[in-house]
Amino acid sequence: MTRRTKIKALLESEQTDIEVLVKGWVRTFRNNQFIALNDGSTNHNLQVVVDFENTNPAKLKRLTTGAAISVSGTLVASLGKGQKVEVKAKEIDILGDCDAETYPIQPKKHSLEFLRENAHLRFRTNTFGAVFRVRNTLAYAIHQFFQERGFVYLHTPIITASDAEGAGETFHVTNFDLNRIPKTDDGEINYEEDFFGRATNLTVSGQLEGELGALALSDIYTFGPTFRAENSNTTRHVAEFWMIEPEMAFYDLNDNMDLAEALLKYVIKYALEKNADDIEFLTQRLLDEEKQKPQQARSEMNLVEKLNFCLDKDFERLTYTEAIDILKESTPNKKKKFQYPIEGWGTDLQSEHERYLVEKHFKKPVILTDYPKQIKAFYMRQNDDGKTVRAMDILFPGIGEMVGGSQREERLDKLEQRMDEMGISKEELWWYLDTRRFGTCPHAGFGLGFERLIMFVTGMGNIRDVIPFPRYPKNAEF
RNA sequence: UCCUGAGUAGCUCAGCCGGUUAGAGCAUCUGACUGUUAAUCAGAGGGUCGCUGGUUCGAGCCCAGCCUCAGGAGCCA
């Protein structure tokens, strides 16, 4: 009894003329003779050669696209071109039939929109097979990066009572019978009767809890799901996404930037090595897509080149103020090409401005620092100028903000003053303020959007295509 | 949420100025072929034109509302 071998291993096998057992799903069945078999272990298919003259015709009929089969036979050097090895089948078992009339995935090019509606089956396509293998590699690489550096993987809560950060709309978590919500005498919802005895929601960030860990364990990171109830309908937003949030004691903003840049380069390099085939396929896919576009709309670099370029170059670091100066002097601003002209110092940059800086001016990832305090969160460390905070955003071509972070305000008086100014309750965040009361120290951290990272590495243009089952307004299918 | 565009066969799309029986490629089915590479060749079947209402002798096409999708914007990761 031979053990099952995965297709990836067979295609890399040095040996031939050995007995093998393979299992997988039929991609196509050509010429009544050749099965292209895929089991998800690699982007490449294994060719199985059927002795059709000595096989029951009824069984041949069942070798349809999508059917699950088991094949025992001999791995031999291929007689045909296009593959090194193939399996000469001795016996084929149909494990699961697949009705060709009703199976949605056909051996042809499907639109990403169609496959999104069939997200339960899209793993079976070359594109999504590649995307989700890359996703897996990136997740692993992130853990490896932090583990190599002695970071502690910390699980911050999914259900939380704090939304003090103001990082957007939250999903409420409740046990109430929604048809009979308990009210207080003055008609307000009585959360005291709810499961936790107070209003709770799904986390929008693990940062505040992460800081608590860092101020004892030194270096921690979180890697988990995050939820935002924003009514966002874009290629860069989903309601449920995964975020990596490291938090480091005794780091200043420069250390923070160094770490973020090192992390991004590490995981991109890791994926390029580990998933070379998949990224090569995705590169080709994008090239084919670009052939539809006019010459000038095509990108200068292909996907692999873009990733390597990113590894070779230092990210451009500049302050918000410097960025504003560049934008003010820029051709599109002078020619009034920006929908939002650069008025002056103090307002947040629009997408078009970020795109200009990253895609036109510097043509590489850009780290912007020291933003005006009024457009940033309360916990960011205030600079001596009284106007700016030690924030940093890492902007990527085609993606926008990939990382957002800052050095944290460790001085209790400064922090409390800022909370008062911004109307944030010091009573609710008593535990956060305690870290500043007892052994406070400089520290910093950032949040990395995992899906946005995957978008960059795979070249996929829509965030809904890099998470298995995307959640977005009006959609929670599967 | 706002702006723009789209919704026609299983999929991708064409459908003229409102006019007779709504088309193509791929997929599927039937047959042929048998070292193919999204195989090829011949033939066949397949439609609530997103939904509701309106204008008209007549609506896939015009109008209104709604739904869904895509791209862009805002919010952000």
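Letters A, B, ... mirror the listed sequences (proteins, then strands); counts begin at 1. Worth saying up front: this structure is predicted, and the values here are computed from it rather than measured.
- Atoms CD1 (Ile105(A)) and C1' (U12(B)) sit 14 Å apart, rounded to a whole Å.
- With 3.5 Å as the limit, one finds a donor-acceptor pair spanning the side chains of Gln207(A) and Tyr379(A).
- A cation-pi geometry, defined here as NZ or CZ lying under 6.0 Å from the six-membered ring centre and within 45° of its normal, holds between Arg149(A) and Tyr266(A).
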Exercise. Give the C-alpha distance, both sets of side-chain angles, the deciding distance and a yes or no for ring-ring contact (aromatic ring centres under 6.0 Å, His included) between Phe315(A) and Phe396(A).
Key: CA-CA 10 Å; Phe315(A) 295 2; Phe396(A) 264 67; 5.7 Å; yes

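- A gap of 32 Å separates the C1' atoms of C66(B) and A24(B), to the nearest Å.
- Relative orientation of the Phe478(A) and His120(A) rings is parallel, given thresholds of 30° and 60° on the angle between their planes.
- Within a heavy-atom distance below 4.0 Å of RNA chain B, no residue of residues 127-137 of chain A is found.
- Put simply, the side chain of Asp314(A) reaches to within 4.5 Å of the side chain of Glu261(A), judged on heavy atoms.
- The main-chain N or O of Glu322(A) is found under 3.5 Å from a side-chain atom of Thr319(A) such that the two form a donor-acceptor pair.
- Distance noted for atom P between C41(B) and A27(B): 10 Å (whole Å).
- Looking at Arg30(A) and Thr28(A), their side chains do bring a donor and an acceptor atom within 3.5 Å of each other.
- Judged by distance alone, with hydrogens and angles left aside, Ser232(A) brings a side-chain donor or acceptor within reach of the base of C75(B), the pair sitting under 3.5 Å.
- For His110(A) and C11(B), a side-chain-to-base donor-acceptor distance below 3.5 Å is absent, hydrogens and geometry of angles not being considered.
- In this structure, Arg116(A) reaches the sugar-phosphate backbone alone: every heavy-atom distance under 4.0 Å involves primed, P, OP1 or OP2 atoms, never a base.
- Under the 6.0 Å cut-off for aromatic ring centres, His353(A) and Tyr340(A) do not qualify, their centroids lying 6.0 Å or more apart.
- A distance of about 12 Å separates the C1' atoms of G19(B) and U56(B), rounded to the whole Å.
- Residue ring and nucleobase are not stacked for Phe450(A) and A77(B) under a centre distance beneath 5.5 angstrom and an angle between planes beneath 30°.
- With C76(B), U68(B), U12(B) as the choices, the nucleotide that has an atom nearest any side-chain atom of Phe114(A) turns out to be U12(B).
- Listed in residue order, the members of residues 337-364 of chain A having a heavy atom less than 4.0 Å from RNA chain B are Tyr340(A), Gln350(A), Ser351(A).
- In this structure, A42(B) and U30(B) make a Watson-Crick or G-U wobble pair, each of the two defining distances being under 3.5 angstrom.
- Ring planes of Phe227(A) and Phe171(A): perpendicular class, angle over 60° (limits at 30 and 60°).
- Between Arg464(A) and the phosphate of A70(B), there is a side-chain N or O to OP1/OP2 separation shorter than 4.0 Å.
- Comparing the C1' positions of A44(B) and G53(B) gives a spacing of 39 Å, expressed to the nearest Å.
- With a 3.5 Å ceiling on both atom-pair distances, the Watson-Crick or G-U wobble partner of U12(B) is A24(B).
- The minimum heavy-atom distance between Tyr371(A) and Asp348(A), with the atom names listed, is CE2-OD1, 4.3 Å.
- Side-chain N/O atoms of Asn254(A) and Arg317(A) include no donor and acceptor closer than 3.5 Å.
- Spacing between atom CD of Glu117(A) and atom C1' of U12(B) amounts to 14 Å, rounded to whole angstrom units.
- Atom CG in Asp465(A) sits roughly 12 Å away from atom C1' in A70(B) (whole-Å rounding).
- Contact annotation: the side chain of Asn126(A) approaches that of Arg27(A) to within less than 4.5 Å [non-hydrogen atoms, C-beta and beyond].
- When rounded to the nearest whole Å, the span between CD of Glu169(A) and P of U1(B) equals 13 Å.
- C16(B) and C61(B) have their P atoms separated by 11 Å, given to the nearest Å.
- Using a 4.5 Å heavy-atom threshold, the side chains of Arg135(A) and Pro468(A) count as touching.
- Heavy atoms of Val238(A) sit under 4.0 angstrom from at least one base atom.
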Quiz prompt | Footprint string (nucleotides 27-39 of chain B, 5' to 3'): B base within contact, S backbone only, - free, heavy atoms under 4.0 Å | solution = SSSSS-BBBBBBB

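- With a cut-off of 3.5 Å on both pairing distances, C49(B) has no Watson-Crick or G-U wobble partner at all.
- As rounded to the nearest Å, G5(B) and G45(B) have P atoms that lie 40 Å from one another.
- With a cut-off of 3.5 Å on both Watson-Crick or G-U wobble distances, the partner of U1(B) is given as A73(B).
- Between Thr234(A) and C76(B) there is no side-chain polar atom (N or O) within less than 4.0 angstrom of OP1 or OP2.
- With rounding to whole Å, Glu401(A) atom CD is found 11 Å from C75(B) atom C1'.
- The residue Asn45(A) sits apart from the nucleic acid: no heavy atom pair falls under 4.0 Å.
- Across all strands shown, C57(B) pairs with G19(B); the Watson-Crick or G-U wobble distances both stay below 3.5 Å.
- The base-pairing partner of U68(B), taking Watson-Crick or G-U wobble contacts with both distances under 3.5 Å, is A6(B).
- Residue Leu264(A) contributes atom CG, which lies 12 Å from atom C1' of A77(B) at whole-angstrom precision.
- Checked against the 6.0 Å centroid criterion, the rings of Phe123(A) and Phe132(A) qualify as a close aromatic pair.
- Separating the CH2 atom of Trp242(A) from the P atom of A77(B) is a distance of 18 Å, rounded to the nearest angstrom.
- The same atom, P, is picked in G15(B) and in A77(B); the two are 44 Å apart, to the nearest Å.
- A donor-acceptor contact under 3.5 Å is formed by the side chain of Arg452(A) with the base of C76(B).
- Side-chain N/O atoms of Asn233(A) include none lying less than 4.0 angstrom from OP1 or OP2 on C2(B).
- A side-chain donor from one of Tyr221(A) and Gln147(A) sits under 3.5 Å from a side-chain acceptor of the other.
- Residue Lys474(A) is the one, among Lys474(A) and Glu451(A), whose nearest nucleotide of RNA chain B lies closer to the 5' end (criterion: closest heavy atom).
- The separation between Tyr472(A) atom OH and U1(B) atom C1' is 18 Å, rounded to whole Å.
- Across the C1' atoms, A64(B) and A59(B) are found 15 Å apart, a figure rounded to whole Å.
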